[in-house]
Amino acid sequence: MLVRKKKISIFALAAVAAGLALTACDNNGGDAASSSRTGSSSSSSASSGAQSSDSTAKSAEGSTSGTSAKAGVSCTNRINYAGDSRSNAEINTIGENTGHCPAPEKQAEPAATPKESGTSCTNQINYAGDPRSNAEINTIGENTGHCPAPERQVKPAGTPKKSGTSCTNQIDYAADSRSNAEINTIGENTGYCPPVDHQ
């Protein structure tokens with residue numbers, strides 16, 4: 001009788017020990033808690049890697065904002081930078097270094113000047129180069145009490161057009177993709193033959 005009781009208790013202990021061993025191990029024989037820690041750390045490192053690659057892509061995208069530069073054509077010959085406080089050299093260097101021409105930085109227009117009593121705006125301020133007529137400028141002054149800031153006409157990029165000569169007869173546009181008609185129309189309308197557009 002005593003022997004039978006000892007056999008039962010030994011088998012019971014062996015069964016309990018085997019059950020504990022199965023609970024503590026996963027399918028690969030590793031510790032279940034450590035495998036869950038490993039899985040969560042690998043997934044968090046994967047998500048942080050994805051975030052880091054996203055932020056790198058965004059910063060690279062931000063550093064190349066602007067108009068794509070063309071090989072052999074300076075930014076100042078492609079875009080009108082009139083009123084930009086930066087020098088042509090600085091603007092073109094940005095284009096060379098980044099591959100993108102920077103957006104023009106226009107200086108703020110000067111504020112309107114209070115109109116002097118009994119004096120027309122055109123006698124008070126030098127409006128040479130302003131495309132508006134004297135009558136228009138003076139009417140603004142009368143109506144608002146302020147003489148408007150002069151609007152200087154922007155000098156177009158290019159070469160002054162010779163009277164009686166088309167731009168295509170004045171400059172060699174062989175490498176330009178535009179038609180002669182388009183180039184000559186620009187010259188007629190602006191008085192300047194446009195820079196050759198190398199592509």
Side-chain angles (χ1 to χ4, degrees), residues 48-114 121-122 124-134 136-138 140-141 144 146-199:
S48 69
Q51 287 171 352
S52 113
S53 68
D54 282 349
S55 64
T56 304
K58 283 180 184 169
S59 69
E61 181 184 321
S63 67
T64 57
S65 63
T67 305
S68 294
K70 277 188 181 177
V73 182
S74 62
C75 290
T76 52
N77 281 336
R78 289 195 62 217
I79 297 172
N80 183 357
Y81 286 96
D84 198 304
S85 59
R86 298 168 294 184
S87 68
N88 284 359
E90 181 182 351
I91 292 166
N92 291 328
T93 300
I94 292 169
E96 289 294 325
N97 291 343
T98 65
H100 287 76
C101 297
E105 291 179 0
K106 303 295 183 189
Q107 290 180 319
E109 289 290 328
T113 306
C121 288
T122 51
Q124 183 179 331
I125 296 172
N126 181 2
Y127 285 96
D130 195 306
R132 298 169 294 184
S133 67
N134 285 359
E136 182 182 350
I137 293 167
N138 290 327
I140 293 170
T144 65
H146 285 77
C147 295
E151 291 180 1
R152 307 295 180 199
Q153 284 185 313
V154 176
K155 177 185 167 185
T159 306
K161 181 186 173 297
K162 292 176 183 174
S163 178
T165 306
S166 64
C167 288
T168 52
N169 285 335
Q170 183 178 330
I171 296 171
D172 181 9
Y173 285 96
D176 200 302
S177 61
R178 296 170 293 185
S179 69
N180 285 359
E182 181 181 352
I183 293 166
N184 291 327
T185 301
I186 293 169
E188 289 297 327
N189 292 341
T190 66
Y192 284 80
C193 296
V196 177
D197 188 2
H198 297 280
Q199 285 194 342

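Positions are given from 1, in the same order as the sequence printed here. All values derive from a computational prediction rather than experimental measurement.
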* Asked: Does any N or O in the side chain of Asp197 come within less than 3.5 Å of the main-chain N or O of Asp176, such that one atom is a donor and the other an acceptor?
  -> no
* Structure fact -> Interatomic distance, CZ@Arg78 vs OH@Tyr81, rounded to 0.5 Å, equals 8.5 Å
* **Partner set under side chain to side chain donor-acceptor pair (under 3.5 Å) for Asn169, not counting sequence neighbours** => Ser166
* Check: Cys121 main-chain N/O paired with Tyr127 side-chain donor or acceptor under 3.5 Å -> no
* For residues Cys75 and Gly95, report the shortest heavy-atom separation together with the two atoms involved. => SG-CA, 3.7 Å
* NZ of Lys161 to CD of Gln170: how many Å apart, nearest 0.5 Å? -> 7.5 Å
* First locate atom OG1 of Thr168, then atom CZ of Arg178, and finally report the distance between them rounded to the nearest 0.5 Å. => 11.5 Å
* Asked: Got a sec, which residues hit side-chain contact (heavy atoms from CB on, under 4.5 Å) with Ser74, two or more places apart in sequence or on another chain?
  -> Thr76, Asn77, Asn92
* Residues forming a side-chain contact (heavy atoms from CB on, under 4.5 Å) with Pro114, sequence neighbours excluded -> His146
* Side-chain heavy-atom pair Cys101, Ile91 within 4.5 angstrom cut-off -> no
* Under the side-chain contact (heavy atoms from CB on, under 4.5 Å) rule, collect the residues that match up with Ser179, sequence neighbours excluded. => Ala181, Glu182
* Structure fact -> For Arg132, the salt bridge (charged side-chain N to carboxylate O under 4.0 Å, His left out) test, sequence neighbours excluded, returns Asp130, Glu151
* Is there a side-chain contact between Asn80 and Pro104 (heavy atoms, below 4.5 Å)? -> no
* Residues in side-chain contact (heavy atoms from CB on, under 4.5 Å) with Glu96, at least two apart? -> none
